[in-house]
Amino acid sequence: MDRELNLLMKNITGDVSAVAGWLWQRGWAERNAGNISVRLAAEELPSLPEEPSTLLPLPGRCESLAGFHFLVTATNTRMRDVAARPLETLLLIRISDDGTGYQIVSPTGETDLRPTSEMQAHLCIHEMLTLRRPDHRVVMHTHVTELIALTQIRELCDAQKLNSILLGMHPETKVFIPDGVGFVPYILPGTRAIGEATVKALEDHSAALWEKHGLFATGRDSLETFDMIDILAKSASIWFICRSAGYEPEGLTEKQLNELAKLKF
Ligand code: 2HA
Ligand code: ZN
């Protein structure tokens, strides 16, 4: 591999591979569960050699992302392998100038690796983020057991009900995820329809919970995005622990939540 490209890949894959390992260790990434994409900033991409590589079709047109580079987990990749072998499991791609296709920049040469099966959702979300929240460059999807379990309870399948639980279980949740999560009713994964529904849910939230499937979260970097997922999982665990012990958790009061809303970090 070209020396400059190799160095670039080492720099940009470090945090993603660390987080991939944590997702696996936390039990939120069974088999090939989960996927991560990062929109790269121009300054992260020192003049890469213009190697002609095959133009591959994107699942849907996304003109507003034309020319952007993304680091993205390959389909059928295990998070534990992303942690152990990032250069063999992460793709660096460039969206074509007309937004209909992409080229694989790394690895160089012929490769069977292709972007995540949830690429549609990732691209739809990145399109929305570049317009509404351009500092959020990371999109992370993972199967957080505790959060999925909440969506197996029909009466909780509603953003307001989920947030009244999640925000009330621990002060940190209100402080770091003040708007809580959006909710996406069950839709077949890997489709544009679920991508569009997720974009809608993420317009007012930094995370969206897919019914009976998992979480999509966005953030400025991989570590911040992981932290948010971790905090949400903690809240859900506290709720289940109280319920399993036979008690209805009290939750923080309105006054306590209002106080926390004013805290600055
Ligand atoms: O990447 O998690 O939703 C595998 C999945 C699909
Ligand atoms: Zn999934």
Side-chain angles (χ1 to χ4, degrees), residues 13 15-39 56 58-60 62 70-93 102 104 107 111-129 138-152 157 162 181-202 205-219 222 225-226 228-230 232-233 236:
T13 57
D15 285 353
V16 174
S17 70
V19 166
W22 302 337
L23 296 176
W24 156 248
Q25 285 159 17
R26 298 299 301 268
W28 301 334
E30 72 288 351
R31 198 177 183 277
N32 63 317
N35 27 76
I36 305 172
S37 64
V38 184
R39 175 168 47 81
L56 298 158
L58 279 174
C62 42
F70 288 91
L71 186 69
V72 56
T73 46
T75 187
N76 252 321
T77 296
R78 285 153 172 77
M79 284 295 160
R80 59 181 186 263
D81 291 337
V82 177
R85 296 189 298 280
L87 299 189
E88 294 165 35
T89 48
L90 287 163
L91 291 166
L92 175 62
I93 64 166
Y102 69 97
I104 298 176
T111 176
D112 292 334
L113 295 182
R114 292 293 178 267
T116 164
S117 59
E118 299 292 1
M119 197 59 184
Q120 289 258 25
H122 281 258
L123 292 173
C124 291
I125 296 166
H126 279 294
E127 280 201 295
M128 181 274 287
L129 292 176
V138 173
V139 175
M140 198 174 288
H141 166 59
T142 187
H143 296 179
V144 185
T145 321
E146 304 85 327
L147 294 169
I148 300 167
L150 287 175
T151 71
Q152 287 287 352
C157 284
L162 286 168
V181 298
F183 176 70
V184 180
Y186 186 86
I187 301 174
L188 187 69
T191 58
R192 188 162 186 96
I194 198 163
E196 284 169 359
T198 311
V199 165
K200 223 167 161 324
L202 285 173
H205 305 278
S206 295
L209 192 46
W210 283 7
E211 181 183 336
K212 302 184 182 114
H213 184 141
L215 188 74
F216 258 86
T218 76
S222 308
T225 313
F226 174 85
M228 188 168 58
I229 298 171
D230 204 16
L232 290 168

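Each ligand, and each atom within it, is numbered from 1 in the order the structure gives. Everything quoted here is computed from the prediction, not taken from an experiment.
Short contacts between ligand 1 and Ala33, defined as distances under 4.0 Å to a heavy atom of the residue, involve ligand atoms 2 (O). Taking every non-hydrogen atom of Glu118 and a distance limit under 4.0 Å, the qualifying atoms of ligand 1 come out as 3 (O), 6 (C). Atoms of ligand 1 lying under 4.0 Å from any heavy atom of His213, numbered from 1 in the order shown and given with element: 3 (O). Using a 4.0 Å cut-off to heavy atoms of His143, the atoms of ligand 1 that qualify are 2 (O). Within ligand 1, counting atoms from 1 as listed, the ones closer than 4.0 Å to a heavy atom of Asn35 are 1 (O), 2 (O), 4 (C), 5 (C). Close approach to Gly34 involves these atoms of ligand 1, each under 4.0 Å from a residue heavy atom: 1 (O), 2 (O), 4 (C), 5 (C). Close contacts of ligand 1 with His141, meaning ligand atoms under 4.0 Å from a residue heavy atom, involve 2 (O), 3 (O).
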Is there a side chain to side chain contact (heavy atoms under 4.5 Å, CB included) between Asn76 and Arg31 once you walk through the steps? CA-CA 8 Å; Asn76 252 321; Arg31 198 177 183 277; 3.5 Å; yes
Verdict with reasoning, Leu232 to Leu215, per side chain to side chain contact (heavy atoms under 4.5 Å, CB included): CA-CA 10 Å; Leu232 290 168; Leu215 188 74; 4.0 Å; yes
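The side-chain contact (heavy atoms from CB on, under 4.5 Å) with Ser222 is formed by just one residue from the set Val19, Leu71, Thr13; it is Val19.
Closest approach between the Zn ion (ligand 2) and any N/O/S atom of His213 involves NE2.
Rounded to 10°, the angle that NE2 of His143 and NE2 of His141 form at the Zn ion (ligand 2) is 110°.
Taking only nitrogen or oxygen atoms, main chain and side chain alike, Trp210 does not reach within less than 3.5 Å of ligand 1.
For His122 and Thr116, the side-chain atoms include no donor-acceptor pair closer than 3.5 Å.
Atom CZ of Arg78 sits about 12.0 Å away from atom OG1 of Thr89, to the nearest 0.5 Å. Atom-to-atom distance recorded for Met119:CE and Arg192:CZ is 12.0 Å, nearest 0.5 angstrom.
Scanning the protein heavy atoms around atom 4 (C) of ligand 1, the nearest turns out to be Asn32 O, 3.3 Å.
Among all heavy-atom pairs drawn from His143 and Ala33, the shortest one is ND1-CB, 3.2 Å. The nearest pair of heavy atoms linking Gln120 to Gly190 is CG-O, 4.0 Å.
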